[in-house]
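Some notes on the structure that comes next.
All chains are named by letter (A, B, ...) in the order of the sequence lines, taking the proteins before the strands, and each is independently numbered beginning at 1. What you see below is based on every heavy atom in this structure, not just the backbone, and it leaves out hydrogens, waters and symmetry mates.
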Protein chains: 2
Amino acid sequence: MPPGLLHVQIKGKPNSLDIAHLAGVSQATVSRALRGHASVNRATRERILEVAKQLNYKVDKNASNLRTQQSGTLALLLFEDPTVDESNINPFFLSMLGSITRACAQRGYDLLISFQQLSRDWHADYEDCHKADGLILLGYGDYLDYRSRLEALVAQGTHFVRWGAVLADQPGLSIGGDNDAGGLAATRHLLAQGRRRIGFLGHASLHAPEFLERHQGYAAALREAGLTPDPLLQADAISTESAGSEAANLVLERGARCDALFAASDLIAIGAMRALFARGLRVPEDVAVVGYDDIPMAQSTHPALTTVQQDTRHAGELLVDALLRMVQGEAVQSIKLPPRLMVRQSCGAVLQPARAPATVTPLPEGTRRTRRHAR
Amino acid sequence: MPPGLLHVQIKGKPNSLDIAHLAGVSQATVSRALRGHASVNRATRERILEVAKQLNYKVDKNASNLRTQQSGTLALLLFEDPTVDESNINPFFLSMLGSITRACAQRGYDLLISFQQLSRDWHADYEDCHKADGLILLGYGDYLDYRSRLEALVAQGTHFVRWGAVLADQPGLSIGGDNDAGGLAATRHLLAQGRRRIGFLGHASLHAPEFLERHQGYAAALREAGLTPDPLLQADAISTESAGSEAANLVLERGARCDALFAASDLIAIGAMRALFARGLRVPEDVAVVGYDDIPMAQSTHPALTTVQQDTRHAGELLVDALLRMVQGEAVQSIKLPPRLMVRQSCGAVLQPARAPATVTPLPEGTRRTRRHAR
DNA sequence: GGCGAAGCTGAAAACGTTTACACGCGCGCA
DNA sequence: TGCGCGCGTGTAAACGTTTTCAGCTTCGCC
């Protein structure tokens, strides 16, 4: 115990009353001083702060949250496809998680995270019991299954934002990439490389709205070029490598000619590339491949994966800001973020040898990228 | 409002008193019923539960935590090297984060996460203000800088566990991989492939204790083989790709012969491989490479990275269990987890073509692995 | 000198739980 | 009849804040 202070024995953790006694003021004044109320006299405030520091006093958040009826905390609910191996989370969502965590920290909020199976009861949990002021929903959402839950949330007045496809009639607020534009850009790019028999790997149904939108962009690009999507070249897949392998195999076994694959996610693309290699096919010479998300691994695959980047950093900040504004009662709009095509090698594009264009990942000069093509 | 119930108008969120009125009992009984006290009559309990459900009543965690003085929450503090690009977290720690989240959920605890710069004041935050019952510390710890903080935590009686090097005189509890054994296994393996001029990339100082331990294992393996570590073949690096590239370049520019590199982490190894490629060197033919951690990307590099796996899933469970036991006042021991060598292609090992041994990542048969070597 | 205003501070009432304690009731048993 | 004992329930006191309201100085100004 600090020696210079009055002889008051503190049992366990000090509370504001202890500080008050030691500083010779009332407990109310301690509270005011600590929260920076302008009304408390400067000398008094400093004395209080000094005592508080000496005793390592910290305001009890439970008490203060209880009183103020807010928690200074947001909750992140990460929904996983129940079929996915538990131990590996989709890297794209991990990246979102990182940026959300940072955005929260910057704004002085704590972040509670929780992995959810899409199954039960989650909608009630965090805000209702005052553990969080608002919810961030993350995951490839099964739109149909989801919908009733979202409606319940809205009806309850729960504050939440959702990462995912931005659909017109969706309950609540969504922020997501412009998947349509992404699919369009990716497919146009493949067409520009001279590919004509372009497959699509990933669910194209309302159960996976972002994949569906990517497929719509894909189909639109084909039509622009006077082509029609060939059902033989499409196969469903959730966002895992193994699903990607299976989907690619399915397409290849159908026997239809195929000179490119647009995968609805990078994991699918990577799985597909594995399957192509296993059949002795070359990427991009025989089949060009483009993915979606630009997960970190996309830079390290061989050949490096051309993909559609989603700016997770920006997205995280937008999600948090939107949610905080909702919590403060402001009206907020859904947002679509523009995607960005990252051209690497898997699409078969000829890259300028001298200086790579801005959208291409910078690599040390003379790296295997050019080497490979020169061979 | 549900029609069958007494006409009591509820303003905002219902509290236990509202439930009590509607169910015709005292508020205390409501509390007891909801927490499952055996003493409350079965019929009463069911009536209460029914009312609570109808009103979508949820216990206020702030109030209940305040009363019980515990939070049902753990806090995860992730320390980052301040020099690292903000947007990318070391994938190894992301994997730990995932397994810790899951372990918490399974045990009914919530998880608060927070990225910290090793800099200031963190030690006081979460448990002191009752937001969490205990802390999990994660990150390549700068031992020297760290130490005083850990001592302060111990002195304060804060409950915490730490992932990292398990050192004899460390304050508090640590759980970590057996880095010594990992370094030994990796280096022995390279020696068994006939490599003799083996470099080490990564800090070998007390500032990075896990790297230091890996280096010790490395040195021990060399000595076993009658060799001595050559200082020309060692270069410092923090755990990033760019640091790995720089370190590899540094070693190569010194001009000493080098036929293998053992990197203290996978990110370093991947960066080193980039640097090797950029100089026209082949992996593993010219320089074999082995990493550490087995991050997901290690399977997708080209050639696939041989590395030392740390079982993050198990580690996460151990961390959480240890922490919860501490919180409950039990005595807990530090633990070292055995590492596991994952042999892939970057080390130059000759893999059985027919059936891969158990420690090798299973890939679809006929994959590029064998293809490549057959070439 | 009186009066209002301004500047600080203290008393006390919430916030919504959990739980020790007391109480009432019905029953078995002496 | 009286006693003791369970069983179920209610009363009330915490838990540690924040904040309204009121009160006490002190001061400036007419």
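- Note: CG (B/D60) to P (D/dG16) measures 17 Å, nearest angstrom.
- OP1 and OP2 of C/dT9 both lie 4.0 Å or more from every side-chain N or O belonging to A/Q27.
- The CD1 atom of A/I48 sits 12 Å away from the P atom of D/dT18 (whole-angstrom rounding).
- No more than 12 heavy atoms of other residues, nucleotides or ligands lie within 6.0 Å of CD in B/Q333, so this atom counts as exposed by the packing criterion.
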Test log, rule side-chain contact (heavy atoms from CB on, under 4.5 Å), inputs A/Q170 and A/R162:
CA-CA 10 Å; A/Q170 186 112 16; A/R162 179 182 160 272; 3.3 Å; yes
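- No more than 12 heavy atoms of other residues, nucleotides or ligands sit less than 6.0 Å from atom NZ of A/K61.
- Here A/S31 lies in heavy-atom contact (under 4.0 Å) with a base.
- If you check D/dT11, D/dG8, D/dG16 against the side chain of B/N41, the one that comes closest is D/dG8.
- What separates CG of B/L66 from C1' of C/dA14 is a distance of 13 Å, to the nearest Å.
- For A/N65 and C/dT17, the CG to C1' distance is 14 Å, given to the nearest whole Å.
- The side chain of A/T44 contributes an N or O atom lying less than 4.0 Å from OP1 or OP2 of C/dT9.
- In the set C/dT17, C/dG10, D/dT17, the nucleotide with an atom closest to the side chain of B/A63 is C/dT17.
- Atom NZ in B/K58 sits roughly 16 Å away from atom P in C/dG16 (whole-Å rounding).
- Of the side-chain N and O atoms in A/Q70, none sit less than 4.0 angstrom from OP1 or OP2 of C/dC15.
- At C/dT17, none of the side-chain N or O atoms of B/S64 fall inside 4.0 Å of OP1 or OP2 (strictly under the cut-off).
- B/R67 has its CZ atom 9 Å from the P atom of C/dT18, to the nearest Å.
- Note: CG (B/D18) to C1' (C/dT17) measures 13 Å, nearest angstrom.
- Between B/S16 and C/dG16 there is no side-chain N or O to OP1 or OP2 distance below 4.0 Å.
- In this structure, B/S39 does not reach the D/dG8 phosphate: none of its side-chain N or O atoms is under 4.0 Å from OP1 or OP2.
- The listed nucleotides are D/dT18, D/dG16, C/dT18; the one nearest the side chain of A/T68 is D/dT18.
- When distances run from any side-chain atom of A/R32 to the nucleotides C/dG10, C/dT19, D/dT17, the shortest one goes to C/dG10.
- Closest approach of A/V154 and A/G172 over heavy atoms only: CG2-N, 3.7 Å.
- Two residues are said to be in side-chain contact when any heavy atoms from C-beta on lie closer than 4.5 Å; B/R107 and B/D321 meet this criterion.
- Taking only side-chain nitrogens and oxygens, B/T29 never comes nearer than 4.0 Å to OP1 or OP2 of D/dT9.
- For the pair A/H130 NE2 and C/dG16 C1', the computed distance is 9 Å after rounding to whole Å.
- Side-chain N/O atoms of A/R35 include one lying less than 4.0 angstrom from OP1 or OP2 on D/dT19.
- Of the residues listed (B/V30, B/L34, B/T44), the one engaging B/L49 in a side chain to side chain contact (heavy atoms under 4.5 Å, CB included) is B/L34, and it is the only one.
- Closest-nucleotide positions on DNA chain D for A/Y57 and B/R47 were compared, and the one nearer the 5' end corresponds to B/R47.
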